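This is a predicted model, so every value here is computed, not measured. Just the heavy atoms: all of them, side chains too, but no hydrogens, waters or symmetry mates, feed the values below.
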Amino acid sequence: MALLLPLCLLSIVAAAWLMGWGILRVLAGLFLIWLIVLALMLAAPASEFKAFGTLDVRSWLALGVALGLGLGYASLVGAIRARVGANLGGAQAAPGMTGSEGARLQAPDSEQDAAVERYARHIVLREIGGPGQQKLRDASVLIVGAGGLGAPAALYLAGAGVGRINIADPDTVSLSNLQRQIIYRTTDTGRPKGLAAAEALRALNPLINVEATRRRITDQDESLIGKFDIVLDGTDSFSERAAINAACVAAGVPLIAGAISQWEGQLATYDPSSGGPCFACVFPEQPAPGLALPCAEAGVVGPLPGVIGSMMALEAIKYITGAGEGMTGKMMIYDGLYGETRSISVKRRPDCPVCSGVEARPHEA
């Protein structure tokens, strides 16, 4: 008889769970049972009630307090999920919007629930929250180069829920890439990098749109770059970086650029439209032969691209959501061999042949 009451409660919980009740409904039911039992405890002599259960009134009250806290917490979480779900997928169609466009905005409840659960750790961040996550969903990012830097950046941006990602790379996966380009598997050897990377991103997050462009981005790609909110450059040659920078400046799109060699990496955001320098302001001339060797010649430690590539993704998320302070006007230099990080200021050059005619956007209030 001593275990009869706990067994009854456990049986009720199990039956409710099997019937498909949610946690909030189960807790509410248990709280009702608790009130009934408390009333019986107070009405019946203590000696008679002890023959039925093992708890006295004080223990039962303590259990009720714990149950009440659980019920309140579940209610709060449910309210937050409902509010964020509305932000992520419950927008109403705007006047003049076609039926298909309105239907696309109104995601099914199951998809909303999946999005809320997937991005829960972002949503609870004060600097991102539901509105910031919606900005990520509506954002578009072009990642140029699906190598050591582009691979981790792409994975983290896809995981973060950036709505549209395009990966531009003309190369194929080689066995030597796998030491650092973590988006690929041995079975991807010989496949086009963009296609293999896009496949991995879709598998990671089916809620986003991923595209692949199998060619190099040149200084003539202003119209292509203009379709994106931000560009990440993970290429490994000066000429490519200069060309991408020129196209970004012409399109007025911010450029987050990373570079790595051996044990060191660097990261900067180039955005003349916000008053910062462009790549050509900082690096106006191509380095002399032998001073800036590509990774194939100089070598690179495997995890280093992951460090810099992840930081590139972080800067992109900050830019899209408006969180924190970006790296416009600054360059971060990381020394992995000695575990040192330093930041230097970089300024726009008035005589820069690439961005001298670009006017800075007025700051938003």
CA sep, side-chain torsions, deciding dist, call: Ile208, Val162, side chain to side chain contact (heavy atoms under 4.5 Å, CB included): CA-CA 7 Å; Ile208 64 173; Val162 172; 5.9 Å; no
Those residues that, when tested against Lys135, pass salt bridge (Lys or Arg N to Asp or Glu O under 4.0 Å) (two or more places apart): none
Arg241 to Phe283 six-membered ring, cation-pi geometry met (6.0 Å, 45°): no
Worked verdict on Leu195 versus Arg214 for side chain to side chain contact (heavy atoms under 4.5 Å, CB included): CA-CA 8 Å; Leu195 295 179; Arg214 194 181 177 185; 5.5 Å; no
Any donor-acceptor pair under 3.5 Å from Gln179 side chain to Val300 backbone: yes
Non-hydrogen side-chain atoms of Arg164 and Val141 separated by less than 4.5 Å: no
Hydrophobic cluster identity match, Met311 and Leu125, side-chain contacts under 4.5 Å: yes
Whether Asn209 side chain and Gly163 backbone form a donor-acceptor pair below 3.5 Å: no
Within one Ile-Leu-Val-Met-Phe-Trp-Tyr cluster: Leu255 and Ile143, side-chain cutoff 4.5 Å: no
Arg202/Glu199 salt bridge by N-O under 4.0 Å criterion: no
Nearest atoms (heavy-atom pairs only) where Pro272 meets Arg348: O-NH1, 3.2 Å
Residue pair Thr269, Asp271: steps toward the side-chain hydrogen bond (donor to acceptor under 3.5 Å, both in side chains) verdict: CA-CA 6 Å; Thr269 297; Asp271 187 12; over 6 Å; no
Derivation and outcome, side chain to side chain contact (heavy atoms under 4.5 Å, CB included), residues Leu178 and Arg185: CA-CA 7 Å; Leu178 305 182; Arg185 301 295 176 262; over 6 Å; no
Check ion pair Asp188-Arg191 (N to O, under 4.0 angstrom): yes
ring-ring contact (aromatic ring centres under 6.0 Å, His included): pairs with one or both residues in residues 327-360, sequence neighbours excluded: none
Within 6.0 angstrom of Tyr156 OH, more than 12 heavy atoms from elsewhere: no
Test side chain to side chain contact (heavy atoms under 4.5 Å, CB included) applied to Ile225 and Ile217, step by step: CA-CA 9 Å; Ile225 287 177; Ile217 302 300; 4.1 Å; yes
Side-chain donor/acceptor of Arg180 to backbone N/O of Gly148, under 3.5 Å: no
pair Arg349-Pro284: side-chain heavy atoms closer than 4.5 Å: yes
Heavy-atom pair of closest approach, residues Ser356 and Asp351: CB-C, 4.4 Å
Side-chain touch Leu142/Leu232, heavy atoms, less than 4.5 angstrom: no
Ring centroid separation Phe279 to Phe238 under 6.0 Å: yes
List the atom pairs, donor and acceptor, that lie under 3.5 Å between side-chain atoms in residues 320-333 and the rest of the protein, sequence neighbours left out.
unit_1: Thr321; atom_1: OG1; unit_2: Ile317; atom_2: O; d: 2.8
unit_1: Thr321; atom_1: OG1; unit_2: Ala323; atom_2: N; d: 3.4

Test side chain to side chain donor-acceptor pair (under 3.5 Å) applied to Glu127 - qualifying residues, sequence neighbours left out: none
Which atom of Ala246 lies closest to which atom of Asp219, heavy atoms considered: CB-CB, 4.0 Å
Smallest separation among heavy atoms of Asp169 and Ala146, with atom names: OD2-N, 2.8 Å
With Arg215 via salt bridge (Lys or Arg N to Asp or Glu O under 4.0 Å) - residues at least two apart: Asp221
Single-linkage hydrophobic cluster, 4.5 Å side-chain cutoff, Ile230 and Tyr270 together: no
All salt bridge (Lys or Arg N to Asp or Glu O under 4.0 Å) counterparts of Arg216, not counting sequence neighbours: Glu240
Donor-acceptor pair, side chain of Gln181 and main chain of Ser176, under 3.5 angstrom: no
For the student: nearest non-hydrogen atoms of Ile256 and Ala316, plus distance: CD1-N, 3.4 Å
Minimum heavy-atom distance Leu149-Ala259, with the two atoms named: CD1-N, 3.9 Å
